[in-house]
Amino acid sequence: MRTIDVNLPGRAYQVQIGNGSLSKVAQTARAIGGTKASRAFVVVDTGVPTHFSNSLQKELESQGFAVCIAHITPSEKIKSIETYHRLLLEIASTGHTRVDPVIALGGGVVGDLAGFVAASYQRGVPVIQCPTTLLAMVDASVGGKTGFNLTVPNGENEPTIYKNLVGAFHQPSLVIADIDVLDSLDARYRRAGLAECVKHGMICKTIGSGHEKLMDWMSEHLDGIRSFDASTIEELVARNVALKATVVMGDEHESTDAKAGGRMLLNFGHTFGHAIETIAGLSPDASDPSLAPLHHGEAVALGMVAACHSSVAAGHCDSSIVQELENILQAIGLPTRVAGLPQTSEILDRMMRDKKTAGGSLRVILPIGRGKCTIVDSPDVNTIEAGIDSIRA
Ligand code: GLY
């Protein structure tokens with residue numbers, strides 16, 4: 001078992017990574033809630049094999065908790081105000097109080113929704129994040145971002161889903177990443193999670209603090225990563241969580257004036273990626289439209305490629321950076337091109353509506369060297385268009 005401390009003043013917590021670590025949740029929930037806690041509200045991803053949620057329920061009950069389980073079948077559409085409302089009604093109907101924990105057992109959609117219920121119900125109750133996807137382990141479960149998407153009417157066209165437009169920072173009391181759960185993930189979800197690891201590799205030298213060799217380590221261990229070798233994956237999760245924890249501890253609330261970019265650097269690939277993630281019909285494989293829509297990690301992979309090409313067009317870095325990124329993404333099996341993108345102006349418009357814009361002008365994270373990225377405000381629109389066009393299949 002590896003433990004990584006997220007030392008935030010007054011809100012310090014641990015990320016526990018290891019095989020079988022889910023068995024510790026109930027005991028720790030009791031320690032967190034103290035003797036007064038009597039209920040646990042568990043939000044479970046329907047993709048998680050039932051034996052994990054059944055044993056969690058039994059262990060919580062043996063610790064004296066009355067357990068209410070709510071299920072979510074995750075998708076960007078389901079990450080909505082309606083689902084948030086349903087969860088609020090369910091938690092309220094149990095008589096859940098401020099000392100009782102919410103427990104999220106699932107991927108990023110479940111963690112973000114359950115986290116926001118915990119952030120807002122009775123102005124905040126404790127949440128324990130139990131990520132069950134690689135993506136949620138290395139990114140979404142650590143750092144306290146919670147929320148849901150907003151579907152905004154778009155005249156006569158299909159309404160547009162804006163990612164994570166409503167939310168709050170609400171740090172978990174504990175994160176438990178059980179590597180055993182990853183065995184149940186299908187190959188596509190595994191690959192999608194690796195996109196966030198590559199993102200960390202692309203910023204590792206800017207983050208510094210001992211994380212500078214992350215990309216080198218991933219390149220050296222590519223075989224173990226691709227075959228999902230258990231000990232390589234545990235090490236991969238630990239290294240990525242450690243980098244994420246460093247960033248969060250330096251800039252918990254993603255402030256605009258954070259030294260060297262802070263938490264905003266974690267948005268590398270996301271402004272481009274979010275703009276295409278919710279477009280219906282985009283498939284990671286042009287020859288198989290049935291794979292549409294893109295998974296978050298696939299959109300981030302494409303977003304990072306677009307950001308790299310924009311950076312080259314703007315003269316911030318040379319094309320060797322693009323090549324290295326595309327090589328590692330292709331080796332992992334993530335897309336670097338996508339067919340069927342709408343017009344560039346439409347994607348630009350979606351990027352402008354992303355919550356990462358600053359005062360109405362675009363803000364992007366662009367590479368400036370190997371493992372180094374920087375924030376660019378109001379980039380030349382031609383360079384952004386070049387980035388978008390670079391990922392067209
Ligand atoms: N996923 C980016 C962040 O947590 O800040």
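Below, each value reflects all heavy atoms present in this structure, side chains not excepted, and no hydrogens, waters or symmetry copies. Start at 1 and go down the list; that is how both ligands and their atoms are numbered.
In terms of the side chain to side chain contact (heavy atoms under 4.5 Å, CB included) criterion, residue partners of Thr336 (sequence neighbours excluded) are, by chain and number, Val305, Glu326, Leu329, Gln330. Legend: residues meeting side chain to side chain contact (heavy atoms under 4.5 Å, CB included) with Gln122, ordered by chain and number and at least two apart, are Arg98.
With 3.5 Å as the limit, one finds no donor-acceptor pair spanning the side chains of Ser53 and Thr50. Checked by atom type, the side-chain pair Asp216/Ser219 shows no donor-acceptor distance below 3.5 Å.
Residues Met351 and Ile384 have side chains in contact (heavy-atom distance under 4.5 Å, counting atoms from C-beta outward).
From the protein, the heavy atom lying nearest to atom 5 (O) of ligand 1 is Arg263 NE, 2.7 Å. If you check which protein heavy atom lies closest to atom 1 (N) of ligand 1, you get Asp139 OD1, 3.0 Å. What sits closest to atom 4 (O) of ligand 1 on the protein, heavy atoms only, is Lys244 NZ, 2.6 Å.
Atom 3 (C) of ligand 1 has its nearest heavy-atom neighbour, among Met264, Lys145, His296, in Lys145.
Ligand 1 lies out of reach of Glu196, whose nearest heavy atom is not under 4.0 Å from it.
Heavy atoms of His270 found under 4.0 angstrom from ligand 1: none, in either backbone or side chain.
His253 NE2: more than 12 foreign heavy atoms inside a 6.0 Å radius.
Ligand 1 has no nitrogen or oxygen under 3.5 angstrom from a nitrogen or oxygen of Lys199.
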